[in-house]
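As the structure lists them, so they are numbered: ligands from 1, and atoms in each ligand from 1. This one's a predicted model, so the numbers in the text were calculated from it and none came from an experiment.
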Amino acid sequence: MCVNVTFSSQDIFAGKYDGVVLFTYEERAHAESKFATKLGNNVLRAREKKEFEGKHKQCFLDRQEGTMYVLVGLGKQEGVDTVKMREAAGAAACCLKEKNAKHIAVELPAELDATAVGQAVTEGVVLANYQFTKYRTQELEKFKELEAVTVVSDRTGVAAKLGVEIGTFIAESCNMTRDLQNTPSSDMPPAVFADLAVKMAKKEKLKYKVLDRKQLEKQGYGGIMAVGRGSANEPRMVTLEYHAKKAKKTIAVVGKGITFDSGGISIKPSPKMGDMKFDMSGAANVVGIMRNVARLKLPMNVVGIMGLAENMPSSTAYKPGDVVTTKSGKTIEVDNTDAEGRVVLADCLHHATTFKPDFIVDMATLTGAVIVALGDAAAGMMGNDDGVLDMIRVAGEHTGERVWELPLWDCYKKDIESVIADVKNTGLPRLAGTITAGKFLEEFVAGVPWVHIDIAGVAWADPRDNYFAKKGNGTGFGVRLITELLRAQRL
Ligand code: BES
Ligand code: ZN
Ligand code: ZN
């Protein structure tokens, strides 16, 4: 269920809510004196005893007449930004949700741009309230959720209200992506994923096209076909198109959609294999991003491409040693069937170039190596265009999704040379695995400006809660990032 978000410019203490949230700083904001006037000495005492210091995400809870009041810290006032506000809003929402509040009100901090603050705080609440309960049948009362949020601001109502609306769309799209991610692979094979993407497209009036197995085969999408061949759940490729009137730019967004990655004939070890239901996270992001693009009516054309397949071992599966001819005509020597994402993306990236985009961004849970390099703190990115790389880094600074660039130097190219085909789908063992995967992808973008984001370490929360998601849940990392990238485009 989705929380209902509304905006109000009335005094927050005048409304009737289960919970009320105000923000403060280590130095104490004006909101804290309002809080103290309303609730008395408890907060002053907590300050004196240093039980509450206004540290970032620290919550102080007080009650009066059946309402719970939370004061949440933003840390030091200097250097506060919307990333901190989003996180603090999420922490306060969780605190009240745990205490069984259903309808809460949140007063926006008085600093920074009203629209950006409205957006960030709303996102924090809606993202933190998300949980995946589709498969629970017992003790449902344990899974508490907020039902309504009123975002309150007495300054520049229109600007703040706009931010709240934008934040609501964006966080809802991110939560839609998380539903796709969290669903077990047996209930989310390529055909089902494609149907859900089309359902969203119809609702948001996007153009859509789905290629099924027969069409992929006939049209020469040899990469997707090879990876999908081992499974009874047939592959699909979905293309969504958003067109803006008088658009001057076209941007393509591509996602890896392996609905389950067993490794195929080069089968993975059993521990944690279940996590490979998340190997479609790049494609799930594309669904959320395209929803945002439509809702926000962005002024450029955007194409979303998803390569969907299930990587399984069977007598029909592709095998190490095989050579695959991709849609671009280039051939791939399959050294390891577990390096399947790049084989699928080879076809998707080529397909993206046919739209003559100004640039392409792809997202993929592509390599275990990126987790070794960056952990769960940042996604790895690499590409052939410094301008786009820079824009993505800046977008991440706004959304709180960190991306870190790795080099794509030509010296890495020899590692993916094949003795039999144009390119090989692996590099050398334990040697720059994320980069050689990026180098491989570069072969298929035909010189179009392009950035690849490896989200293997950040797509789901592991080994701890991360990006407003509980451990073991999809994070939707990339949805807000790329939405911000697109919103920031100059025409
Ligand atoms: N989907 C995996 C990458 C992955 C691993 C994502 C762990 C998240 C967590 C990908 O298809 C894969 O298996 N890559 C191999 C490539 C190797 C065989 C060259 C890898 O990273 O080990
Ligand atoms: Zn794999
Ligand atoms: Zn994979």
Side-chain angles (χ1 to χ4, degrees), residues 181 185 188 190 193 223-224 226-231 235 254-285 306-313 317-322 324 332-346 348 362-376 378-380 406 412 415-418 423-441 452-463 466 471-475 477-478:
Q181 291 183 282
S185 70
M188 191 59 67
F193 189 114
I224 301 183
V227 173
R229 235 169 59 198
S231 174
V254 175
K256 167 177 171 180
I258 300 299
T259 57
F260 186 70
D261 181 12
S262 69
I265 296 295
S266 316
I267 198 160
K268 286 179 180 296
S270 300
K272 291 197 142 207
M273 203 205 265
D275 283 353
M276 285 300 117
K277 72 170 183 179
F278 290 118
D279 212 22
M280 33 58 84
S281 296
N285 284 353
M306 291 153 265
L308 306 166
E310 185 175 64
N311 188 22
M312 294 293 278
Y318 81 139
K319 299 185 279 292
D322 285 357
V324 170
I332 301 171
E333 177 194 352
V334 178
D335 176 52
N336 187 318
T337 62
D338 196 11
E340 83 299 336
R342 64 197 79 182
V343 179
V344 165
L345 287 174
C348 296
D362 83 68
M363 283 161 293
T365 45
L366 206 62
T367 65
V370 81
I371 314 175
V372 177
L374 300 168
D376 63 346
L406 300 172
Y412 292 107
D415 294 354
I416 53 166
E417 276 170 11
S418 163
V423 63
K424 180 166 63 99
N425 81 334
T426 57
L428 298 170
R430 300 175 66 83
L431 225 63
T434 304
I435 298 174
T436 49
K439 222 46 206 161
F440 177 98
L441 298 181
H452 157 61
I453 308 178
D454 193 333
I455 55 172
V458 293
W460 66 98
D462 181 60
N466 208 350
K471 183 177 159 163
N473 275 271
T475 61
F477 182 112

Report summary line: Under 4.0 Å between heavy atoms, the region of Trp460 that gets near ligand 1 turns out to be side chain

Query raised in the report: Has Asp338 got an N/O/S atom less than 2.8 Å from the Zn ion (ligand 2)?
Result: yes

Query raised in the report: Quick one: does ligand 1 sit under 4.0 Å from the side chain of Leu366, the backbone, both or neither, non-hydrogen atoms only?
Result: backbone

Query raised in the report: Quick one: CE on Met276 to OG1 on Thr259, what's the gap to the nearest 0.5 Å?
Result: 12.5 Å

Query raised in the report: Should the pair Lys268-Asp338 be classified as a salt bridge under the 4.0 Å nitrogen-to-oxygen rule?
Result: yes

Query raised in the report: Is the Zn ion (ligand 3) less than 2.8 Å from an N/O/S atom of Asp261, whether that atom is in the backbone or a side chain?
Result: yes

Query raised in the report: Between Thr436 and Asp415, do the side chains contain an N or O donor and an N or O acceptor separated by less than 3.5 Å?
Result: no

**Report entry** Side chain, backbone, both or neither: Lys256 near ligand 1, heavy atoms under 4.0 Å
**Finding:** side chain

Query raised in the report: Using a heavy-atom cut-off of under 4.0 Å, does the side chain or the backbone of Arg342 touch ligand 1, or both, or neither?
Result: side chain

Query raised in the report: Starting from atom 6 (C) of ligand 1, which protein heavy atom do you reach first, and at what distance in Å?
Result: Ala456 CB, 3.6 Å

Requested in this report: For Asn336, counting its heavy atoms only, list the atoms of ligand 1 lying under 4.0 Å from any of them.
Outcome: 18 (C)

Query - Gly368 N/O under 3.5 Å from ligand 1 N/O - result: yes

Query raised in the report: What N, O or S atom of Glu340 is found closest to the Zn ion (ligand 3)?
Result: OE2

**Report entry** Note: Asp462-Lys471 ion pair, threshold 4.0 Å (strictly below)
**Finding:** no

Query raised in the report: Within the structure, does Asp338 bring an N/O atom to less than 3.5 angstrom of an N/O atom in ligand 1?
Result: yes

Report summary line: ligand 1 atoms nearer than 4.0 angstrom to some heavy atom of Lys268 are 2 (C), 12 (C), 13 (O)

Query raised in the report: Does some side-chain heavy atom of Ile332 sit less than 4.5 Å from a side-chain heavy atom of Phe440?
Result: yes

Requested in this report: Indicate whether the side chain of Asp335 and that of Asn425 have a donor and an acceptor atom separated by less than 3.5 Å.
Outcome: no

Query raised in the report: Is the closest side-chain heavy-atom distance between Thr337 and Ile267 below 4.5 Å?
Result: no

Query raised in the report: From the Zn ion (ligand 3) out to just under 2.8 Å, does an N/O/S atom of Lys256 turn up?
Result: yes

Query raised in the report: Looking at Thr365, which atoms of ligand 1 are within less than 4.0 Å of one of its heavy atoms?
Result: 1 (N), 2 (C), 3 (C), 6 (C)

**Report entry** Side-chain H-bond candidate by donor/acceptor type, Thr365 with Asp279, under 3.5 Å
**Finding:** yes

Query raised in the report: Judging by distance only, is a nitrogen or oxygen of Asp261 under 3.5 angstrom from one on ligand 1?
Result: yes

**Report entry** Shortest non-hydrogen contact from Ala317 toward Met312
**Finding:** CB-O, 3.4 Å

